[in-house]
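Residue numbering restarts at 1 for every chain, and letters A, B, ... go by the order of the sequence lines.
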Amino acid sequence: MAGATRPRTVGERVADADPSAGRLLLVAAGALFWGWLVVSWVNRWLGGPIAPVGEPFVAPDAVESAFAAVPGLAAVAADAAFVVELTPVLAQGTWLTVVITGVSLVCGFFIAVPLAVARVYGRFSAWLSLGYTELLRGTPLLAQLFVLYYGLNLAASVPAALSGVFPRDVVWVAILGFTLNGAAYQAEYIRGAVESVDEGQITAGRAIGLSKIESIYYVVLPQALRYAIPSWTNEFVYLIKYSSLAGFITVPELYYRANQVATDTFRYTAVFLILGAMYLALVLTASKFMERVDDRVAIPGLGANRDR
Amino acid sequence: MTDGDFLRVSDVSKWYGDEQVLDEVSFGMDRGDVTVLIGPSGSGKSTMLRCVNRLAEAQEGSITLDGEEVLSPDTDVDELRREVGMVFQSFNLFAHLSAVGNVALGPRRVLGLSEDEARERAADQLERVGLADQLDSYPAELSGGQQQRVGIARALAMEPKLMLFDEPTSALDPELIGEVLEVMRALVDEGMTMLVVTHEMSFARAVADEVVFLDDGRVVERGPPEQLFERPEKERTGRFLERIASHD
Ligand SMILES: Nc1ncnc2c1ncn2[C@@H]1O[C@H](COP(=O)(O)OP(=O)(O)OP(=O)(O)O)[C@@H](O)[C@H]1O
Ligand SMILES: [Mg+2]
């Protein structure tokens, strides 16, 4: 059992990779999707060396006539042109969606770990942690965003150092909201994992002279965080989708932009189908990525998805 | 019989809630002594061991190690545990660390050795318990006997002056017990002071300077193994020994 359960190297993984057509297609689609996004973002930051900012990389008219020329595709030629026309707006909105999700997730993680540890090992702090998670999980996320934005008017008090990083200060308010809310959910997943670490592990740590905190840091957390990866991935996926709520406090992220286009063009069905596909691509990327992480940090005999 | 005073346990009592689990327990060990604690399940053997390194807190009595009071509130517990190694029935190896990682963690994080020094020390200790070829194996990849030997190496790496063993072989398949006892015998030969909870009577007979029979939190009887095993003074001791013998 020894060698087989070790984390595989990249080379081995490529060699083992399932070469089926479906998989190849998925990888190709992923590369195309992210290639397009990254090129679009870079193009915008550099002031449009590839295509004028706000314009698609290929002319919609050209796409339309190309599709029209192919029998069988002619019927969707107008739709294809519409999709191409939307690409700059979608790329721009996706940037904020990705940034808000990524930053909130990471910041939330650093709050969630102490919350989870306090919940399991604390006394007074366990109650504080419980109060925090119940409050944030028990009230609607949208209401929390509204309190931060309209109630506390936080957009007006974004520190000067942060202001201007994004086109609108309200992006910071969204990040704060998702961080605080996501931390509560992440803490629940991590708490479950911390609790599942055998008590003898901490006893052994203390027996060699580690303090309680050190035992938690060096012994419990490295195991618990590995256990937590699969369920924690859920929170990642939820956050990608929940980030669309930022649109309700006027953050021009993916949902907000798409909604604007739909209202302007009245093509609701087409726009929201495309929007759905965008979120699906982001979510698939996230879960594939976390699968990789899970593989990479795997330790023989540790965790539910490993052979024991 | 004069009690040793390297480790001296005097009238130690402990309660969990209303339940008294240790009742004025007393015994003593000299440096290099091996004392074996025996007794039925629930008699307080593990608790007694844990009071020595303060994983459990005794409410009454005194424990001195090398002249220092262990139970005093001023005692630096982490310092105490550096000097007292412990080996567990269920091994309790750090599941996310390789053998060498398990042994190196204490030297690295508690003693403050560098990464390389800690690794080197860990490799030396693993060699000492016969696992030089398993340095990078994870606990799940090792047999029970190997895991327990890593557990012993982990405790030894802190260079303790006293070793506590809590039923180190009772979770092992019979064919794996020998390799662990062998390592423990070698430690005895090196002059390690050892307080051992075990029901391996042949081991106790061979290496123990004193056997302490604990029942219901009380020391019923204690003495050299020949005396306690062959001519127990108390009836309860005799009955317990018969029961143990019939299990083997
Ligand atoms: N953390 C604890 N909380 C409450 N009671 C405990 C705790 N640990 C042990 N006890 C109780 O103390 C008594 C002595 O337990 P201990 O584990 O010391 O016995 P033991 O002699 O080691 O038994 P065994 O041979 O089963 O290991 C038992 O009645 C047990 O239920
Ligand atoms: Mg016990």
Side-chain angles (χ1 to χ4, degrees), chain A residues 1-9 113 117 121 123 190 192-230 232 293-308, chain B residues 46 49-50 52-56 76-98 101-112 122 133-134 136-143 147 150-151 153-160 163-166 171:
Chain A
M1 95 193 240
T5 53
R6 263 174 222 294
R8 292 172 303 161
T9 65
V113 171
V117 168
Y121 296 106
R123 277 184 248 274
I190 296 170
V194 168
E195 278 171 347
S196 74
V197 174
D198 183 53
E199 208 191 313
Q201 296 284 308
I202 240 187
T203 310
R206 309 218 63 190
I208 56 171
L210 293 172
S211 68
K212 189 167 173 183
I213 291 289
E214 287 170 333
S215 302
I216 292 168
Y217 186 78
Y218 292 118
V219 178
V220 175
L221 285 179
Q223 298 178 38
L225 294 180
R226 285 178 167 90
Y227 292 144
I229 290 173
W232 185 85
V293 171
D294 197 20
D295 265 3
R296 180 47 70 90
V297 301
I299 281 169
L302 196 78
N305 58 341
R306 300 276 116 197
D307 52 41
R308 276 180 181 271
Chain B
S46 298
L49 243 52
R50 286 161 170 259
V52 173
N53 67 353
R54 298 267 303 262
L55 284 176
D76 179 345
V77 182
D78 295 331
E79 167 87 39
L80 168 73
R81 291 180 188 149
R82 253 166 264 172
E83 298 177 344
V84 180
M86 189 168 211
V87 174
F88 303 89
Q89 176 174 3
S90 48
F91 324 137
N92 293 2
L93 292 189
F94 305 131
H96 64 298
L97 295 176
S98 64
N102 263 274
V103 183
L105 186 65
R108 175 88 184 93
R109 300 296 172 191
V110 179
L111 303 181
D133 55 343
Q134 299 283 0
D136 295 318
S137 300
Y138 285 93
E141 299 172 325
L142 296 170
S143 73
Q147 289 188 53
V150 175
R154 178 173 67 181
L156 291 176
M158 303 301 288
E159 297 179 339
M163 284 281 285
L164 307 172
F165 292 84
D166 192 355

- Just do the side chain to side chain contact (heavy atoms under 4.5 Å, CB included) check on A:V117 and A:V220 with the steps written out, would you? CA-CA 10 Å; A:V117 168; A:V220 175; over 6 Å; no

- Using the side chain to side chain contact (heavy atoms under 4.5 Å, CB included) rule, take B:R50 and B:M86 through it: C-alpha gap first, then chi angles, then the decisive distance, then the call. CA-CA 9 Å; B:R50 286 161 170 259; B:M86 189 168 211; 3.9 Å; yes

- Message: Apply side chain to side chain contact (heavy atoms under 4.5 Å, CB included) to residues A:E214 and B:R109 and explain how you reach the verdict.
- Response: CA-CA 9 Å; A:E214 287 170 333; B:R109 300 296 172 191; 5.7 Å; no

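If you measure heavy-atom distances from B:L111 to chain A, you find no contacts under 4.5 Å at all. Of the atoms belonging to B:V84, it is backbone heavy atoms, and not side-chain ones, that fall under 4.5 Å from chain A. With a 4.5 Å cut-off on non-hydrogen atoms, B:A95 touches chain A through its backbone and its side chain both.
More than 12 heavy atoms of other shown residues, nucleotides or ligands fall within 6.0 angstrom of atom OH in A:Y121.
Among B:L105, B:L97, B:V87, the residue with the largest count of heavy-atom pairs under 4.5 Å with chain A is B:L105. Most heavy-atom pairs under 4.5 Å with chain B, from the set A:V219, A:L210, A:D198: that is A:V219. Per-residue heavy-atom pair counts under 4.5 Å with chain A were compared for B:N53, B:L93, B:L164, B:V77, and the maximum is reached by B:L93.
A cation-pi geometry, defined here as NZ or CZ lying under 6.0 Å from the six-membered ring centre and within 45° of its normal, holds between B:R154 and B:F94.
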